[in-house]
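One structure is given below, encoded as C-alpha cells.
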Amino acid sequence: MSVRIIGTGSYLPKKVADNNFLSTIVDTDDEWIRQRTGIKERHLSNGKEGTTYMAAHAAEAALENAGIGADELDLIIVATVSADTYVPSTSCSVQGAIGAIRATCFDINAACSGFLFALHTAHAYICAGIYKNVLLVGVEVLSKLIDWKDRSTCVLFGDGAGAAVVTAADHGREGFVQWSDGAGGEVLTCPGRAVGNPWKENASETGYIQMSGQEVFRFAVKKVPECIRQVTEKTGTKLETIDWFVLHQANSRIIQSVAKRLGVPEEKFPMNMEQYGNTSAASIPILLDEMNKKGMLQPGQKIILSGFGAGLTWGAAQLEW
Ligand code: UT7
C-alpha cells in the first residue's frame with residue numbers, strides 16, 4: 001500500500017503588505033529584508049479571514065482539483081499554531097464548513113513542520129488500511145501572533161493556507177523521517193494569543209513570537225540536509241534522481257545553503273517566499289499547489305518535502321507524484 005497526492009489547493013488573504021510598507025512601521029528597509037530573507041511581500045489577514053475561513057477555502061480548492069466530494073473524505077488533519085479557537089479544533093470547523101460528513105478530524109501542532117507531520121500521519125492511517133481519503137491542511141494567521149513593533153520577526157511571516165488530498169495508491173516509493181528536540185525549543189517560542197485582529201487589538205507583548213534567528217538558521221541548515229539524506233537512504237533512492245525539493249519557505253539563504261550542502265542544483269528548489277513570506281505550516285502546501293497549477297509536477301516524479309520549525313521539529317518526506 002502506498003499514498004498519492006491527488007489534489008492541491010490554497011488560499012492567500014487579499015491584503016498584501018510589501019517591505020516598503022513595513023519600513024513605515026518599524027526601522028527596516030526593503031534591501032535588508034530582501035537580502036537577508038528573499039522576502040518582498042506577504043499576505044495578511046484582514047481580521048475576517050480567520051484560520052478556519054482560509055483552511056476551508058484551500059480545502060475546497062484541493063477537493064475540486066482532486067475531483068472528489070467532501071463526503072468522500074475519511075479524515076481531516078489540520079496543521080496550525082494559530083487556530084481561531086482552542087476548541088473546536090480547526091479541523092472540526094473545516095469539516096462543518098465544507099460538509100465532510102463522514103470524516104473524523106484532529107489538529108496537530110508541529111509548527112513549520114506541521115504539514116509534513118500531518119502527511120506522515122495520513123500515510124500511517126492509509127497504509128494500515130484504516131482510512132482511504134485524507135484531507136491535509138496547513139494554515140496560519142501568524143499576523144495575530146506577531147509583535148508588529150519587533151523588526152527582527154515582523155518582517156518574516158505571512159498568513160495563508162494550503163491543502164492536499166491524499167489517497168491510497170497501489171504502487172509508489174515513499175519514505176518519511178521526522179524528529180523533535182524539546183530541549184532546544186527556547187530558540188523559537190510563542191506563549192500564545194488565540195484570537196484577535198492583528199491590526200487593531202492591543203494585546204500583551206508577552207504573547208508574541210520570539211526567536212533567536214541565528215540559532216534557528218544554524219539548526220535549519222544542519223538538520224534539513226541531514227534528514228533529506230536520511231529519507232533517501234530509507235527509500236534507497238539516489239539524491240540526484242530526485243526531481244524537486246519542496247522546502248519550508250522561511251528564508252532563501254537557508255534553502256541555498258541546503259542545496260549547496262547536498263550538492264544539488266538550486267533550480268530543483270522552487271521558492272515563493274518572495275511573495276508570501278514564511279507562512280509556517282502553510283508554506284509547503286502553498287508551494288506544492290503553485291507547482292501543481294503551473295504543471296511542474298508530472299506523474300512518476302520523485303519529490304522530497306522538508307521542513308523545520310518550533311518545537312524544535314524537523315523532517316522530510318519522499319513521495320512519487
Ligand atoms: O520557520 C522557521 C522560523 N524561522 C526561521 O527560519 C528564521 C531563521 N533565521 C533567519 O532567517 C535569519 O537569522 C534572520 C532573517 C531572522 C536574521 O538574519 P541574520 O543575517 O541572522 O541577521 P541578524 O539577526 O544577525 O541581525 C543582523 C543585524 C542586526 O544589527 P547589528 O546588531 O548587526 O547592528 C539586527 O539588529 O540586522 C539587524 N536587523 C535588522 N535590520 C533591518 C534585524 N532585523 C532587521 C530588520 N531590518 N528587519
Side-chain angles (χ1 to χ4, degrees), residues 17-42 79-82 108-118 138-143 145-160 162 178-181 184-190 208-227 246-261 269 271-274 276-287 305-316:
D18 66 11
N19 293 344
N20 290 327
F21 170 72
L22 293 194
S23 70
T24 66
I25 59 171
V26 286
D27 179 16
T28 190
D29 58 78
D30 177 55
E31 195 186 348
W32 190 96
I33 304 171
R34 272 194 293 111
Q35 280 183 1
R36 303 281 178 137
T37 69
I39 298 166
K40 220 166 108 185
E41 56 191 32
R42 68 287 293 142
T80 187
V81 299
S82 50
I108 64 168
N109 173 346
C112 305
S113 314
F115 183 80
L116 273 179
F117 283 29
V139 56
E140 304 291 2
V141 181
L142 296 175
S143 55
L145 303 178
I146 286 167
D147 177 356
W148 288 97
K149 293 189 282 306
D150 176 8
R151 70 174 182 173
S152 73
T153 52
C154 77
V155 301
L156 304 176
F157 298 101
D159 300 335
Q178 77 182 49
W179 298 103
S180 305
D181 173 17
E186 77 285 350
V187 300
L188 178 45
T189 59
C190 182
Y208 297 122
I209 291 173
Q210 288 160 35
M211 179 171 67
S212 306
Q214 288 191 3
E215 288 185 56
V216 177
F217 195 104
R218 278 196 290 273
F219 147 71
V221 298
K222 180 168 186 281
K223 292 299 183 186
V224 172
E226 200 174 280
C227 69
V246 182
L247 266 51
H248 169 48
Q249 301 290 295
N251 186 320
S252 56
R253 287 191 297 136
I254 292 178
I255 295 182
Q256 284 155 355
S257 169
V258 169
K260 200 165 164 201
R261 283 171 190 234
F269 291 74
M271 295 189 223
N272 66 3
M273 78 285 286
E274 187 180 12
Y276 306 128
N278 177 348
T279 56
S280 190
S283 88
I284 290 176
I286 290 172
L287 180 55
L305 314 179
S306 182
F308 60 92
L312 296 167
T313 57
W314 67 102

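This structure is a prediction, so every number in the text was calculated from the model and none was measured. Below, each value reflects all heavy atoms present in this structure, side chains not excepted, and no hydrogens, waters or symmetry copies. Atoms within each ligand, like the ligands themselves, are counted from 1 in listed order.
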Report summary line: Rounded to the nearest 0.5 angstrom, the OG-CZ distance for S82 and F157 is 11.0 Å
Query raised in the report: Is there a protein heavy atom at a distance of less than 4.0 Å from atom 32 (O) of ligand 1?
Result: no
Report task. For H248, take its heavy atoms, then give the atoms of ligand 1 lying under 4.0 Å from any of them. Result -> 1 (O), 2 (C)
Query raised in the report: Heavy-atom distance from atom 40 (C) of ligand 1 to the protein below 4.0 Å?
Result: yes
Requested in this report: Mind checking the CD1-OG spacing from I209 to S143? Nearest 0.5 Å is all I need.
Outcome: 9.5 Å
Query raised in the report: Is the closest heavy-atom distance from I254 to ligand 1 below 4.0 Å?
Result: yes
Report task. Mark up the atoms of ligand 1 that fall under 4.0 Å of a heavy atom belonging to V155, in ascending order. Result -> 48 (N)
**Report entry** Nearest protein heavy atom under 4.0 Å from atom 13 (O) of ligand 1, yes or no
**Finding:** yes
Report summary line: for atom 9 (N) of ligand 1, nearest protein heavy atom and its distance come out as G213 O, 2.9 Å
Please tabulate, for side-chain N and O atoms in residues 212-225, each donor-acceptor pair with protein atoms closer than 3.5 Å (sequence neighbours left out).
from : atom 1 : to   : atom 2 : distance (Å)
K223 : NZ     : E226 : OE2    : 3.3

Query raised in the report: Hey, looking at atom 7 (C) of ligand 1, which of Q214, M211, Q249 has the closest heavy atom?
Result: M211
Requested in this report: Can you confirm whether something in the protein, heavy atoms only, sits under 4.0 Å from atom 23 (P) of ligand 1?
Outcome: yes
Query raised in the report: A250 heavy atoms, cut-off 4.0 Å: which ligand 1 atoms fall inside?
Result: 1 (O), 6 (O)
Requested in this report: Find all atoms of ligand 1 within a distance of less than 4.0 Å from any non-hydrogen atom belonging to L188, and give their numbers and elements.
Outcome: 3 (C)
Report summary line: A student checking ligand 1 against S152 at a 4.0 Å heavy-atom cut-off should list atoms 44 (N)
Query raised in the report: Run the side chain to side chain contact (heavy atoms under 4.5 Å, CB included) check on I254 and F308 step by step: do they pass?
Result: CA-CA 11 Å; I254 292 178; F308 60 92; 3.8 Å; yes
Query raised in the report: Is ligand 1 less than 4.0 angstrom away from at least one heavy atom of N278?
Result: yes
Query raised in the report: Would you call L22 and R151 a side-chain contact if the rule is heavy atoms closer than 4.5 Å?
Result: no
Query raised in the report: Would atom 29 (C) of ligand 1 count as contacted, meaning some protein heavy atom under 4.0 Å?
Result: no
Report task. Can you pull out the closest protein heavy atom to atom 18 (O) of ligand 1? Residue, atom name and distance to 0.1 Å, please. Result -> R253 NH2, 3.5 Å
Query raised in the report: Is there a heavy atom in A220 that sits closer than 4.0 Å to ligand 1?
Result: no
Report task. Return yes or no for this condition: an N or O of N251 is under 3.5 Å from an N or O of ligand 1. Result -> yes
Query raised in the report: In ligand 1, which numbered atoms sit nearer than 4.0 Å to a non-hydrogen atom of T28?
Result: 42 (C), 46 (C), 47 (N), 48 (N)
Requested in this report: State whether the shortest distance between N or O atoms of C112 and N or O atoms of ligand 1 falls below 3.5 angstrom.
Outcome: no
**Report entry** Of T37, D30, D29, the residue whose pairing with N19 passes side-chain hydrogen bond (donor to acceptor under 3.5 Å, both in side chains)
**Finding:** D30
**Report entry** Option set F308, W32, F157, criterion heavy-atom distance to atom 45 (C) of ligand 1, minimum
**Finding:** W32
**Report entry** Interfacing atoms of ligand 1 (cut-off 4.0 Å, heavy-atom, T37)
**Finding:** 15 (C)
Query raised in the report: N/O to N/O below 3.5 Å, does that happen between R151 and ligand 1?
Result: yes
Query - From CZ (F117) to CG (N109), nearest 0.5 Å - result: 10.5 Å
Query raised in the report: Roughly how far, to the nearest 0.5 Å, is CZ of F269 from CG of L287?
Result: 12.0 Å
